Every structure is written in C-alpha cells, then in structure tokens.
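As the structure is a prediction and not an experimental result, all values here were calculated from the model.
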Amino acid sequence: MAVATPKLKLYTNHGCPWAHRAHIALSELKVPFEEEIIDLSVPRTEAYLQVNPRGLVPSLAVDDQIITESAVVSAFLADAFPSHLVPASSDASGPLTRARIAFFVDTFMSKVHSSLFPLIQSKTDEERSAIIKKTTDAVVKELEPLLADAGPFFGGSDKLTLAEVLTGSFVIRLWTWPKYGLVPQSLIDELSTRAPNFSRWAEATATHPSVSGIFDAEATALRTKQRYGNK
C-alpha cells in the first residue's frame, strides 16, 4: 500500500540564508510545496508566532505538524524523501557518510561563515587582511583535505548532497559579494590559489540552479550593506 505524500507548507523569506537551505533541499527533491513569505523587516504577526513562537524562518508545516530550524527542516526533508542528498542511516555507508557531512558542515560554519560578517564590518585594511589570512589558513588546514575527492560536490558526488544544502546559501553569498564590495576579491583569489579543491567546490555549489534559484544577489547585497556594513 502506497504511503501518501505529506502536504508541505514552507514559511520562508527568500533573502534569509537559513530559509534558503530548505529551498535548496526542496529544489533537489522536486517535492511540491506551498509557500508563505514572512516579512522579516517588521514584527511578526500573531498568526505566524502561533506557527513558530521564535518568529524565525524557515518553518515547515508537514500536514498538521510544524518543524522549525533550518538544519532540522533540511535533514527532515532529506530523510522523508530518500534521494541522492544523503544515504539512509540503515544503508551500509549511511552512518559514516552522514557523520562526514555533519563534520564538514560544522567546520565550514565555524571556519568560513563565522568570518563573513566580521569581514564586512572591518574598519581597516589591517583588520581585513588579518581576517582574510585567518579564514584562508583555516580553509587550507581544515576544509581543503575534506574536499580532495569532490566530484565536484562533497564525497565525490556529481549531484548536490546534504553538505551543499546546508552550506550553499552561505557559499553563494561569499562568492558573489566581492562584486558588491562586501567581501574583498583578494579572499576569493587567495582561496583559488591556496585551496583549489575548496575553490572548485564553492564555484560549482554557488552556480548550481538549486542554490542560485531564489537568490537575488543585488538585493541581498544591498540589505546586507544596510544592516551590517561598516558605516
């Protein structure tokens, strides 16, 4: 007897990198869903706070159940709709692959993502140079070896994996922000020279249709400048 596909409704905002994670997963899974855009520039409505008392996006309604937090939503989707994103825990390679993905994502977020906004807010060339060196050194040491078998995606895959679902929205920002003066081009140049595995992986991830699909580079850069830019 076939199991009915659950009805999905995604509460989201296309400018939010955390909500973007869910969009990448849904695009890859080709699962139908309803979408409601949440305006993050104003206080949340009482109706949305009933959905998610934290007022954050994404939230995912699965029939009459609500799932919140981007990593949880993305992992749920990957598990609920088996695909190329990640092997099941019951597969022979499942637990190890999932552990490798989790470690990679944690390393990316702690070593790369954590540098982006301090870099945007840096006030002097010396401060920027120090952040660029620290970030590049960390990528070379921590992430470059993990991408030695990228094909071009994590773990030798020729399709996006859960690793790209959880990092892609930040990679595309890093890769496009030099054009808008948010991140120095020298960071991308340094990564290209010193971390070619990472650079190839990031380029493939940032240009993938499932990652770039909802991303408005110019609008996102403008909002980021207004919110975080060095005044």
Side-chain angles (χ1 to χ4, degrees), residues 15-18 20-21 24 70-71 74 97 99-208 210-212 215-218 220-231:
C16 173
W18 306 101
H20 193 166
R21 286 172 153 181
I24 299 170
S70 62
S74 300
T97 299
R100 289 184 65 221
I101 288 174
F103 180 75
F104 174 81
V105 172
D106 179 77
T107 304
F108 176 91
M109 297 303 290
S110 64
K111 303 301 181 182
V112 179
H113 174 256
S114 64
S115 297
L116 288 182
F117 295 103
L119 190 55
I120 292 169
Q121 295 174 306
S122 60
K123 294 179 172 60
T124 67
D125 288 342
E126 282 118 1
E127 193 177 352
R128 279 186 284 277
S129 295
I131 295 171
I132 289 170
K133 183 179 186 307
K134 179 182 177 183
T135 304
T136 306
D137 287 349
V139 169
V140 170
K141 179 182 177 182
E142 304 270 0
L143 287 166
E144 183 73 356
L146 301 179
L147 292 166
D149 63 346
F153 303 113
F154 187 79
S157 178
D158 62 355
K159 298 178 180 178
L160 295 189
T161 73
L162 187 59
E164 288 79 31
V165 167
L166 295 175
T167 60
S169 59
F170 305 102
V171 172
I172 197 170
R173 283 161 170 77
L174 170 63
W175 236 240
T176 57
W177 277 352
K179 178 180 178 181
Y180 302 98
L182 281 164
V183 171
Q185 180 62 40
S186 57
L187 172 58
I188 306 303
D189 294 341
E190 277 285 297
L191 290 170
S192 178
T193 300
R194 298 185 56 204
N197 295 336
F198 178 87
S199 185
R200 285 190 295 269
W201 168 81
E203 177 70 21
T205 299
T207 57
H208 192 283
S210 289
V211 176
S212 63
F215 184 66
D216 185 330
E218 184 173 0
T220 300
L222 178 60
R223 283 193 302 270
T224 304
K225 280 184 178 180
Q226 292 171 339
R227 184 173 183 183
Y228 298 103
N230 180 25
K231 302 282 195 290

Please lay out, stage by stage, how Leu147 and Phe154 fare under the test side-chain contact (heavy atoms from CB on, under 4.5 Å). CA-CA 6 Å; Leu147 292 166; Phe154 187 79; 4.1 Å; yes
Would you say that [X] contacts [Y] through its side chain, given a criterion of any heavy-atom pair below 4.5 Å between the two side chains?
X	Y	answer
Val211	Leu160	yes
Leu162	Val165	yes
Leu182	Lys225	yes
Ile172	Thr205	no

Would you call the rings of Phe198 and Trp201 parallel, tilted or perpendicular if under 30° counts as parallel and over 60° as perpendicular?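 Phe198 vs Trp201 ring planes: tilted.
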Donor-acceptor contact present, side-chain [X] to main-chain [Y], <3.5 Å:
X	Y	value
Glu144	Lys141	no
Arg21	Ser70	no
Glu142	Ala138	no
Thr167	Ala163	yes

For [X] and [Y], which heavy atoms make the closest approach, and how far apart are they?
X	Y	answer
Pro178	Ile188	CG-CG1, 3.7 Å
Ala150	Pro152	CB-O, 3.3 Å
Ile24	Ser210	CG1-O, 3.5 Å
Leu119	Ile132	CD1-CG1, 4.1 Å
Ala195	Val139	CB-CG1, 3.8 Å

Take Trp177 and Thr224, measure what side-chain contact (heavy atoms from CB on, under 4.5 Å) needs, and give me the verdict at the end. CA-CA 10 Å; Trp177 277 352; Thr224 304; 3.5 Å; yes
[atom1]-[atom2] distance between [X] and [Y], expressed to the nearest 0.5 angstrom:
X	Y	atom1	atom2	result
Gln121	Glu127	CD	CD	9.5 Å
Leu166	His20	CG	NE2	12.0 Å
Leu143	Thr136	CG	OG1	11.5 Å
Tyr180	Ile120	OH	CD1	14.0 Å

Would Trp18 and His113 satisfy ring-ring contact (aromatic ring centres under 6.0 Å, His included), going step by step from the backbone distance to the final call? CA-CA 12 Å; Trp18 306 101; His113 174 256; 5.7 Å; yes
Contacts under 3.5 angstrom, residues 99-109 side chains, donor-acceptor by atom type, not counting sequence neighbours:
residue: Thr107; atom: OG1; partner: Phe103; partner atom: O; Å: 2.8

Please report the C-alpha distance between Thr207 and Ser212 in whole Å, then the side-chain angles of each, then the deciding distance to 0.1 Å, and finally whether the side-chain contact (heavy atoms from CB on, under 4.5 Å) criterion is met. CA-CA 6 Å; Thr207 57; Ser212 63; over 6 Å; no
Between Ser129 and Glu126, is any side-chain donor less than 3.5 angstrom from a side-chain acceptor?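 There is no such pair (donor and acceptor under 3.5 Å, judged by atom type) between the side chains of Ser129 and Glu126.
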Going by an N to O cut-off under 4.0 Å, is there a salt bridge joining Arg128 and Asp125?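 Yes, Arg128 and Asp125 are salt-bridged.
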Enumerate the residue pairs fulfilling salt bridge (Lys or Arg N to Asp or Glu O under 4.0 Å) with a member in residues 168-193, sequence neighbours excluded, ordered by first and then second residue.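 Found none.
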Set out, in order, the CA-CA distance, both residues' side-chain angles and the distance that settles ring-ring contact (aromatic ring centres under 6.0 Å, His included) for Phe153 and His208, then state yes or no. CA-CA 10 Å; Phe153 303 113; His208 192 283; 5.8 Å; yes
Steps toward side-chain contact (heavy atoms from CB on, under 4.5 Å) verdict (Thr161, Glu164): CA-CA 5 Å; Thr161 73; Glu164 288 79 31; 2.7 Å; yes
